[in-house]
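The structure appears right after this line, and notes come after that.
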Amino acid sequence: MDDIFRDIEQRMKKAISTLRSNLLSIRTGRASPALIEDIPVEVYDSTMPLNQVATISVPEPRLLMVRPWDANTLPAIERAILKSDVGLTPNNDGTVIRLTIPSLTDERRRELSRMVGERVEETRVAIRNLRREALRKLESQEKKGEISEDAFYRTKERLQELTDKYTEQADQLGEKKQSEIMEV
């Protein structure tokens, strides 16, 4: 019973961690390497994240600079950035790629805010699915007589508290990101 509880808690933490990293990739008007570091780049006959083929720096608040470790990968990096959905146009000078982060329009802010809401809701659904999975396991143990009815209901309450805790964390992350996006 405790093993089920610990496993579900770990998986809920992982869902929150995934949400946190997903929200980092949504741009807020400020330059952040997290916006582009996971863009898949096709180099050396394989696909690698951008941060494994280049150094990403922020020399100015609205500028990202991508310096490839191998100059031959510059065109592939540029293509990957253009194909991605970050909405940035690369400026290639032959040695580095500069990405200027434009100011967000009101329409784009609303769109990004909606995207944040969708990702938060996906996380909430994942957390509820984990709760449902744990409840099925607990019900199975109770039917087999492995745990008592009282233990089942106590664990069920603990599970609901855990679900509420992680759902609240997801909501807080989403609200924080939405306020960053709406900040002019």
Side-chain angles (χ1 to χ4, degrees), residues 7 10-130 133 166-167 169-183:
D7 176 53
Q10 282 301 114
R11 291 169 64 190
M12 285 182 180
K13 283 180 183 176
K14 189 170 179 358
I16 293 296
S17 174
T18 301
L19 174 64
R20 190 174 280 122
S21 66
N22 279 341
L23 293 181
L24 282 175
S25 68
I26 297 176
R27 99 183 150 93
T28 59
R30 287 185 296 243
S32 167
L35 293 173
I36 60 171
E37 65 186 9
D38 292 327
I39 292 175
V41 181
E42 292 185 30
V43 290
Y44 311 121
D45 297 328
S46 67
T47 303
M48 305 166 108
L50 179 58
N51 63 355
Q52 291 184 7
V53 294
T55 302
I56 305 167
S57 59
V58 184
E60 297 173 22
R62 291 194 175 270
L63 182 70
L64 286 171
M65 195 160 66
V66 180
R67 184 177 309 275
W69 296 325
D70 179 0
N72 296 329
T73 62
L74 203 61
I77 292 171
E78 189 173 14
R79 271 193 309 278
I81 293 170
L82 285 169
K83 279 196 321 188
S84 72
D85 63 350
V86 292
L88 299 174
T89 306
N91 181 2
N92 180 350
D93 71 0
T95 57
V96 296
I97 294 176
R98 288 182 176 78
L99 299 163
T100 305
I101 311 292
S103 297
L104 296 173
T105 64
D106 278 346
E107 182 180 331
R108 182 68 177 149
R109 286 178 199 279
R110 283 192 296 275
E111 184 180 320
L112 290 172
S113 182
R114 193 169 33 255
M115 190 185 312
V116 167
E118 289 169 5
R119 291 193 180 165
V120 168
E121 185 57 31
E122 288 169 5
T123 302
R124 293 175 70 178
V125 168
I127 290 169
R128 288 192 301 263
N129 286 341
L130 289 170
E133 178 184 324
Y166 285 105
T167 301
Q169 283 184 16
D171 289 342
Q172 288 173 351
L173 286 171
E175 288 170 12
K176 181 180 175 194
K177 187 65 171 188
Q178 285 177 331
S179 68
E180 282 178 22
I181 290 170
M182 297 313 252
E183 188 178 294

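One is the number of the first residue; the rest follow in order along the sequence.
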When rounded to the nearest 0.5 angstrom, what distance separates [atom1] in [X] from [atom2] in [Y]?
| X | Y | atom1 | atom2 | answer |
| --- | --- | --- | --- | --- |
| D7 | M12 | CG | CE | 10.5 Å |
| I81 | L99 | CD1 | CG | 4.5 Å |
| R98 | L88 | CZ | CG | 15.0 Å |
| I127 | Q169 | CD1 | CD | 8.0 Å |
| E122 | N22 | CD | CG | 8.0 Å |
| M65 | D93 | CE | CG | 9.0 Å |

Find out whether [X] and [Y] are in side-chain contact, i.e. whether some heavy atom of one side chain is under 4.5 Å from a heavy atom of the other.
| X | Y | value |
| --- | --- | --- |
| V120 | L173 | no |
| R124 | D171 | yes |
| T18 | T123 | no |

- Query: Testing R114, R108, R109 for side chain to side chain contact (heavy atoms under 4.5 Å, CB included) with L112, which one passes?
  - Reply: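 The passing option is R108.
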- Query: So, for G117 and Q178, which heavy atoms are closest and what is the spacing to 0.1 Å?
  - Reply: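 Heavy-atom minimum between the residues: N-NE2, 3.8 Å.
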- Query: Which heavy atom in P68 sits nearest to a heavy atom in T73, and how many Å separate them?
  - Reply: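 Reported closest heavy-atom pair: CB-OG1, 3.4 Å.
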Using a 3.5 Å cut-off and no angle test, enumerate the donor-acceptor pairs between side-chain atoms of residues 36-60 and protein atoms at least two apart in sequence or in another chain.
| unit_1 | atom_1 | unit_2 | atom_2 | d |
| --- | --- | --- | --- | --- |
| Y44 | OH | D70 | OD2 | 2.9 |
| S46 | OG | V43 | O | 3.4 |
| T55 | OG1 | W69 | NE1 | 2.8 |

- Message: Going by the rule salt bridge (Lys or Arg N to Asp or Glu O under 4.0 Å), which residues pair with E133 if we only count those two or more places apart in sequence or in a different chain?
- Response: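 R11, K137.
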- Message: If the condition is salt bridge (Lys or Arg N to Asp or Glu O under 4.0 Å), which residues does R128 pass it with, not counting sequence neighbours?
- Response: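 Once residues adjacent in sequence are excluded, the partners of R128 under the salt bridge (Lys or Arg N to Asp or Glu O under 4.0 Å) criterion are E121.
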- Message: Distance alone, cut at 3.5 Å: any donor-acceptor contact between the side chains of N91 and T89?
- Response: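 No pair is found: no donor N or O on one side chain lies under 3.5 Å from an acceptor on the other.
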